[in-house]
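This one's a predicted model, so the numbers in the text were calculated from it and none came from an experiment.
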Amino acid sequence: MLQSLHIENMAIISSLDVDFGNGLSVITGETGAGKSVMIDAILFLLGGKPPRDMLRRGAERGTVSAVFSEVGAACASYLAEMGFLGEREADAELLLQRTLDQNGKTTARLNGRMIPQTILRELSRYLVSVHGQTDNQLLLQQAVQKQILDGIADFGESLAHYRSCFQKRAELQRQLADTSRDTAEMARLADILRFQIAQIDEAQLKLHEEEELLTQRTRLQHAEKIAKQTSFAYHVLYGSEKGSALLILERAAAAMTGIAGVIPEAALLAERLTAMRYEVEDIANTARDYGEVVEGDPTAALDRVEARLDLITKLERKYGKDIAEILAFRAEAAKRLSLIDHSDEESARLKSEIKALEAQMQMLATQCHAARVSASEVLNSRIAAELAFLDMPSVRFEIAITQTDHFLPDGNDEVCFMIATNKGEAMMPLARVASGGELARVTLALRSVLNDRDGVGTAVFDEVDTGISGKTARKIGIKLSEIGKKTQVLCVTHSAQIASLATAHYKIAKKEQGERTVSTVSLLDDDGRVAEVARILGGLSVTDTQRRAAAEMISEGGSLR
């Protein structure tokens, strides 16, 4: 349920705060007062694209925020999946905020945390349903009609399983198309793959070989320096017969051993000197090994390393950024070549899999069709009854479900809402028959029937009374009031017949403030309601007769709620 709404720096609205309650809340006001801005602001908050002139002139940033309570189990489950709520917090409050800056950039936050547009739009499906003239036009699209029917059909696991099979079939068909290419093209591709595989195999690449070659190249490039320095180190540590470090350590150890009988601690020093002697010997031998960079001519060895690195670089330009990617490319090329060489067998296998999958899809599509037919039987009679109440007594409504001979992403059904608005007329698609007023009533009838099923806590109706007479508007108001007993309803209206049935009545007005015009909203008391309903009924001026009529309508509306 939408608990409160805050709008700041949006079009004619400088700053507006309004709290909403349960039941039917109507919003009225003169043309241009800001009713449409309020609806646009709600749509913007729910992830809609902001109109070009939505940001108030001169403002750096506009903000729309709302507090929602009692969001329901489905919404709480989605938010828990996204990491915003615990799984059992269906009664938690949500603070949803979205801002718009001068550059057209928008930012959305949920309970203070930034959220991407995808999550915002998905979340909005659980919070608010908006029904305006644009939404009524969407109802004319058969894809939308199918979504409505599928929203109440009990598919079990059939639809989800079908969709999974449909995706798998599409992948198998892609593989089959690759396998069934033109024979000459396949032969050319096979020749290319064989050449690529042979070129890689001829190189006899090994993992990590390039790193080892680079290290070897660096050593070969400095071979003379390495040989000179390691030779010197070996000579002073081990190679000199007269004054090497090894000889000096041996003599020092012997000297300490010689006085160990007099100074026992000298034996420990001798042991340490002996250990140092072994360490120096190891260092000397290791240094000598470093000096042996290559056997033979270092220049020739460097040329061989450079040539090998050049070959690897050329292969990397063609097949991958390193040896691992080149070998992976070779494996994939071999796989593709095998498929070409065995294309007939592979094609037969894929066709067999597709055939088996299509048999399964047909069974699942039949189950989905049965579920849609069952749901349509419920909707047909209930929507016809709702439309009859809404002053379309001779109307006939039917959901036509036609099975196609091909598979669609959600079965093989095409769905079309059919209607005959007058007695004796043939059933025709809704898109070809319904006027604006009739379409608004069909939308309302659907909303009334689906009220208990979609789990959305707030329904917004924008000028649902357009093109409708006073008697029909009264019945629409009664229907909105009935919906409001289970779902919070916000209705922007110009109809006194609807406004007089409200649980709460809000008036939007505009006034001059300094050099600017601003909109304000107020919750009307009993006298204010009478005055506003009388204004809607009246012409240039409001008479006492109109006031009495307004009071009577409001009184009657209270008894009808």
Original post:
Got a donor-acceptor contact below 3.5 angstrom from the K146 side chain to the D413 backbone?
Top reply: yes
Subject >> Salt-bridge present (R61, D101; N to O < 4.0 Å) >> reply: no
Original post:
Is the backbone of T107 close enough, under 3.5 Å, to the side chain of R98 for a donor and an acceptor to pair up by distance?
Top reply: no
Original post:
Do D17 and V521 touch side chain to side chain, with heavy atoms closer than 4.5 Å?
Top reply: no
Original post:
Counting N and O atoms only, with roles assigned by atom type, does the side chain of K511 sit under 3.5 Å from a partner on the main chain of V518, one being a donor and the other an acceptor?
Top reply: no
Subject >> Under 3.5 Å side-chain donor-acceptor pair for S500 and R474 >> reply: yes
**OP:** Identify whether the distance between the nearest side-chain nitrogen and carboxylate oxygen of R548 and E552 falls below 4.0 Å.
**Re:** no
**OP:** Please identify each residue that fulfils side chain to side chain contact (heavy atoms under 4.5 Å, CB included) with S124, with sequence neighbours left out.
**Re:** L46
Original post:
Between F20 and Y506, does the ring centroid distance fall short of 6.0 Å?
Top reply: yes
**OP:** Measure the spacing between CD1 of I476 and OG of S495 and express it to the nearest 0.5 Å.
**Re:** 8.0 Å
Original post:
With no hydrogens and no angle check, is any side-chain donor or acceptor of T28 less than 3.5 Å from a backbone partner on K507?
Top reply: no
**OP:** Return each pair, listed once, that meets ring-ring contact (aromatic ring centres under 6.0 Å, His included) where at least one residue sits in residues 354-405; pairs must be two or more places apart or across chains.
**Re:** F397-F417
Original post:
Counting distance only, does the side-chain N/O of T366 pair as donor-acceptor with the main-chain N or O of Q362 below 3.5 Å?
Top reply: yes
Original post:
Centres of the F166 and F407 rings: under 6.0 Å?
Top reply: no
